[in-house]
Amino acid sequence: MKASNSLKLYCSLHFLIIIITLSLYSGATKAFYCEAHFESPNELGYGLEAEINIIENPNIINYYRPVEISESDWLAYSQEKKLQIAKVSEANARYAYHKVIYKKLSTSPEFLQDTLESEGNGNVELNGYVFDYFSEYRIARLLLEDTIGVASLQAHVSLAGKRFDALEGSAGYSIFSADMAQFTSLEAGFQKYLSDPLSRTPGLNLSNYSLGPLSDRDRKMYINNEERALNRLDLLKLGTSRIVYGSVLRGDIYGSSRVGFELRQFHKRGKSLDEHVFELRNLLLSDAGLGQFKKFENSPLIGTDIFTEIAFNESSRLGRKPWGKLVEEIKQFYSRDPDFYLFDFPEGGGTPISQRFLLPLRALELHPLILELPKQQRESINKRIELARSNYINRVEKYIELSNSGSNPQIGADTIRGLQIIISQWAFELGIGELFSNHWKNTVRGDTEVELTAYGLISKLQQVESENEQTVENQVESNSVPHVKLNKESNSDHNYLKLRDSSFEVVVSHQRSLEYDHLVVRIGDKRYDFNPDFLGGQVGKGNVFEVRPGDRTGFLFVRSPEKIKSLQALMDRFVVGFNEYSFPPFATEPDWKDMGISNTEEGLIYFEILGMRYAMASGSTPWPVENEVASGVLNVEEVSCASSIIGLLNEYFGFKLYLGDGWEADARAVGQHLLKGNPGGTPPDAIVHY
């Protein structure tokens with residue numbers, strides 16, 4: 001679909017305008033609103049949706065008006081009257097789908113879409129926000145939350161055709177993600193219920209028509225679509241199998257050459273959603289892709305044969321016939337509720353509504369995550385599975401009694417709530433959510449918290465000049481590292497200072513007058529400059545813009561504050577030792593015996609610091625080695641801007657920098673290696689252009 005000129009203009013929003021309008025952030029990024037589907041020039045793209053309503057998001061009235069009221073009239077109303085009118089407008093459209101309820105005010109931020117339509121369930125939806133880079137997605141999520149308030153969120157991660165091989169195992173990933181979401185949320189929900197049993201109801205997704213658990217039917221659809229994606233065939237439309245509580249591979253909204261995952265399990269947990277999007281991004285860009293989740297496509301799910309998989313005690317009140325009667329009454333209850341009779345899906349998404357309360361009867365003993373555990377741990381968990389299932393069966397008997405009694409001939413809302421509570425209690429007693437969370441963390445690895453901080457702050461500082469935009473984006477596409485353009489005003493910006501305090505930056509400065517490159521290192525709020533010929537080793541406070549003039553490019557690595565402090569301590573010792581004794585890293589004259597270092601090989605002493613091996617002459621007073629030393633060892637005379645940090649880069653960031661013959665370190669070579677995104681090691685979190 002090709003956009004009109006007006007839509008193209010709308011699809012070129014710049015967050016600098018938004019940020020000035022909201023007075024929230026100082027950076028700029030780019031977002032796109034498109035009517036039909038996602039498009040991106042990159043291998044991965046990102047999307048964002050938010051469902052809102054006037055009760056939970058009263059800020060709507062500050063940016064939108066009901067379509068039946070003119071803007072001038074709306075602005076004249078009090079806030080209280082606006083809220084009253086908006087509630088009526090939403091209520092009148094509760095069971096209408098795609099009915100326009102709100103129109104944007106002329107004073108509203110440009111990134112908000114022009115109109116909001118009813119979802120048919122009492123919500124309206126902000127949708128169509130599509131981004132080329134994760135950093136853009138993240139800042140958009142924060143902006144929406146700051147503008148509208150906390151909302152029910154869904155995200156998308158789409159892939160271009162050349163990345164489809166990473167989808168091997170996508171069906172298993174979807175099933176695993178749904179299980180992880182189900183168990184962890186049910187456990188957490190029951191804990192909250194225990195603290196406030198009157199107002200809290202756990203397991204609400206179980207009675208939400210569009211957030212059902214998975215069924216055998218869903219499994220077959222996901223496996224089929226995985227095979228089609230790997231064979232470059234169009235994906236099948238999923239129907240109800242796309243509105244489930246988990247991450248679902250779809251091919252119907254991302255454009256002709258893309259498919260993508262819709263993440264539906266995070267509701268109002270924006271931070272958790274960001275983390276999962278970022279981790280899924282990393283998995284899809286990795287060599288392994290999603291292949292390690294292939295085994296989970298065989299996980300036991302809810303199906304019509306579940307009665308044959310679980311042994312029932314036919315003599316108890318929870319025999320197959322009594323349970324079947326309860327299930328039928330649950331189904332009839334939902335058929336009477338218009339919230340569940342929408343979109344021609346009276347049974348809802350995923351597992352039919354009438355079968356969702358079979359969830360505790362799954363044969364979890366056969367789950368791949370359980371089967372691969374050590375024998376003793378597996379046997380212990382299997383006992384918990386059996387006990388928790390038995391407890392659930394005992395508890396549900398009272399609901400069968402109620403459904404058979406004359407005083408309560410029909411299942412009601414209170415009964416449904418009671419079933420949700422005891423299913424959550426089942427999950428809590430089972431306590432296997434941690435198994436799923438730990439498996440996910442061990443699979444994705446990495447310090448997500450720190451990396452997300454980096455992307456959030458980087459995107460707020462991003463000021464890519466339009467004439468450089470295409471070049472920068474092409475570079476980003478090639479190595480998946482965001483490029484950031486900073487100006488001097490960013491020095492004093494709060495976001496830059498916060499980012500600086502938790503980052504390590506190597507700045508390559510090309511000295512035009514001297515025709516060579518020079519490296520300056522910034523660790524937190526300290527700047528380190530090594531130049532033995534002119535300045536010696538220097539350490540100073542202040543920002544990166546104090547480096548000497550020249551064409552400068554910075555390579556930014558964000559780490560925890562504790563890691564930054566430890567790196568500062570190492571470099572401080574390095575500087576003192578270098579200046580005092582012409583070799584690193586000793587702050588005072590060393591006692592060789594106490595240090596356990598002995599004379600070796602023709603009066604030379606070898607030592608290692610920051611991953612680099614050095615040699616110097618032995619003696620009570622250290623002096624540089626005059627003769628050449630073996631290849632792979634640095635003469636202390638050769639400490640330079642590059643050699644002073646190469647060991648640190650190798651040791652802490654996974655670099656393999658062995659530059660030139662005989663370890664002749666070169667700043668330009670370091671810069672070129674960093675520009676390639678450090679193949680095989682930790683890439684920079686951003687490349688900064690000054």
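This one's a predicted model, so the numbers in the text were calculated from it and none came from an experiment.
- Residues satisfying the side-chain hydrogen bond (donor to acceptor under 3.5 Å, both in side chains) criterion with Glu168, sequence neighbours excluded, are absent altogether.
- Between Ser118 and Arg94, the side chains place no donor N or O within less than 3.5 Å of an acceptor N or O (distance only, hydrogens not considered).
- Contact check for Ile101 versus Pro66: no side-chain heavy atoms found under the 4.5 Å cut-off.
- Leu159 places a side-chain heavy atom less than 4.5 Å from the side chain of Phe164.
- Formation of a donor-acceptor pair under 3.5 Å by the Arg219 side chain with backbone atoms of Leu214 is not found in this model.
- Put simply, the side chain of Val259 does not reach to within 4.5 Å of the side chain of Asn225, judged on heavy atoms.
- In summary, the side chains of Asn127 and Glu49 do not present any donor paired with an acceptor at a separation below 3.5 Å, with no hydrogens or angles considered.
- Checked against ring-ring contact (aromatic ring centres under 6.0 Å, His included), Phe261 has the following partners two or more places apart in sequence or in another chain: Tyr173.
- Residues Gln265 and Ser247 have side chains that bring a donor and an acceptor to within less than 3.5 angstrom of each other.
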Point to revise | Stepwise salt bridge (Lys or Arg N to Asp or Glu O under 4.0 Å) check, Glu43 with Arg281 | key: CA-CA 10 Å; Glu43 293 183 359; Arg281 162 198 181 273; over 6 Å; no
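- One finds a salt bridge joining Asp179 and Arg362 here, because a Lys/Arg side-chain nitrogen approaches an Asp/Glu carboxylate oxygen to under 4.0 Å.
- Side chains of His98 and Glu119: no donor on one and acceptor on the other come within 3.5 Å.
- Ser152 and His267 make their closest contact through OG-ND1, 3.0 Å (heavy atoms, listed as atom of the first residue, atom of the second, distance).
- Listed here is the closest heavy atom pair of Tyr222 and Leu238: CE2-CD1, 4.3 Å.
- Between the Glu226 side chain and the Ala171 main chain, a donor and an acceptor come within less than 3.5 Å of each other.
- Annotation: side chain of Phe428 is not in contact with side chain of Pro202 (no heavy-atom distance under 4.5 Å).
- Nearest heavy-atom pair, Val248 versus Ser241, reported as atom, atom and distance to 0.1 Å: CG1-O, 3.9 Å.
- The salt bridge (Lys or Arg N to Asp or Glu O under 4.0 Å) search around Glu227 returns none, not counting sequence neighbours.
- Under the 6.0 Å cut-off for aromatic ring centres, Tyr46 and Tyr133 do not qualify, their centroids lying 6.0 Å or more apart.
- For the pair Ser390 (side chain) and Glu386 (backbone), a donor-acceptor distance under 3.5 Å is absent.
- Less than 6.0 angstrom separates the ring centroid of Phe296 from the ring centroid of His439.
- No salt bridge links Lys87 with Glu90; every basic N to acidic carboxylate O contact stays at or beyond 4.0 Å.
- Between Glu56 and Asn53, the shortest heavy-atom contact is N-OD1, 2.9 Å.
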Review point. For Ile253 and His156, what are the C-alpha separation, side-chain angles and deciding distance, and is it a side-chain contact (heavy atoms from CB on, under 4.5 Å)?
Key: CA-CA 10 Å; Ile253 57 172; His156 298 260; 3.6 Å; yes
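- Within a 6.0 Å radius of CG in Asp234, no more than 12 heavy atoms belonging to other residues, nucleotides or ligands are found.
- Separation of the His367 and Phe436 ring centroids falls under the 6.0 Å cut-off.
- Every residue two or more places apart in sequence or in another chain that forms a salt bridge (Lys or Arg N to Asp or Glu O under 4.0 Å) with Arg141 is listed here: Glu145, Asp274.
- In this structure, Asn92 contributes its side chain and Ser89 its backbone to no donor-acceptor pair below 3.5 Å.
- Using a 4.5 Å cut-off on side-chain heavy atoms (C-beta onward), Leu280 and Leu290 make contact.
- The side-chain heavy atoms of Leu430 and Phe183, taken from C-beta on, include a pair separated by under 4.5 Å.
- The pair Glu429-Arg384 does not meet the salt-bridge criterion, since no charged nitrogen lies less than 4.0 angstrom from a carboxylate oxygen.
- Contact record, Asn59 with Ile148: CB-O, 3.8 Å, taken as the closest heavy-atom pair.
- The backbone N or O of Leu211 sits less than 3.5 Å from a side-chain atom of Asn205, completing a donor-acceptor pair.
- Put simply, the side chain of Phe176 reaches to within 4.5 Å of the side chain of Trp440, judged on heavy atoms.
- The two residues Asn123 and Glu51 have their closest heavy-atom pair at ND2-OE1, 3.0 Å.
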Side-chain donor-acceptor contacts of residues 370-380 below 3.5 Å, not counting sequence neighbours, with atom names and distances?
residue, atom, partner, partner atom, Å
Glu372, OE1, Lys295, NZ, 2.6
Arg378, NH1, Leu373, O, 2.9

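- The closest side-chain heavy-atom distance from Leu44 to Ser158 is not below 4.5 Å.
- Every residue was checked against the salt bridge (Lys or Arg N to Asp or Glu O under 4.0 Å) condition with Arg228, not counting sequence neighbours, and none meets it.
- Using a distance-only test at 3.5 Å, with no hydrogens or angles considered, a donor-acceptor pair links the side chain of Arg356 to the main chain of Thr351.
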**Study point:** Derivation of the side-chain contact (heavy atoms from CB on, under 4.5 Å) call for Leu235 and Asp252
**Key:** CA-CA 7 Å; Leu235 269 60; Asp252 54 336; over 6 Å; no
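- Within 6.0 Å of CG on Asp196 lie more than 12 heavy atoms contributed by other residues, nucleotides or ligands.
- A donor atom on one side chain and an acceptor atom on the other are found under 3.5 Å apart for Gln420 and Ser207.
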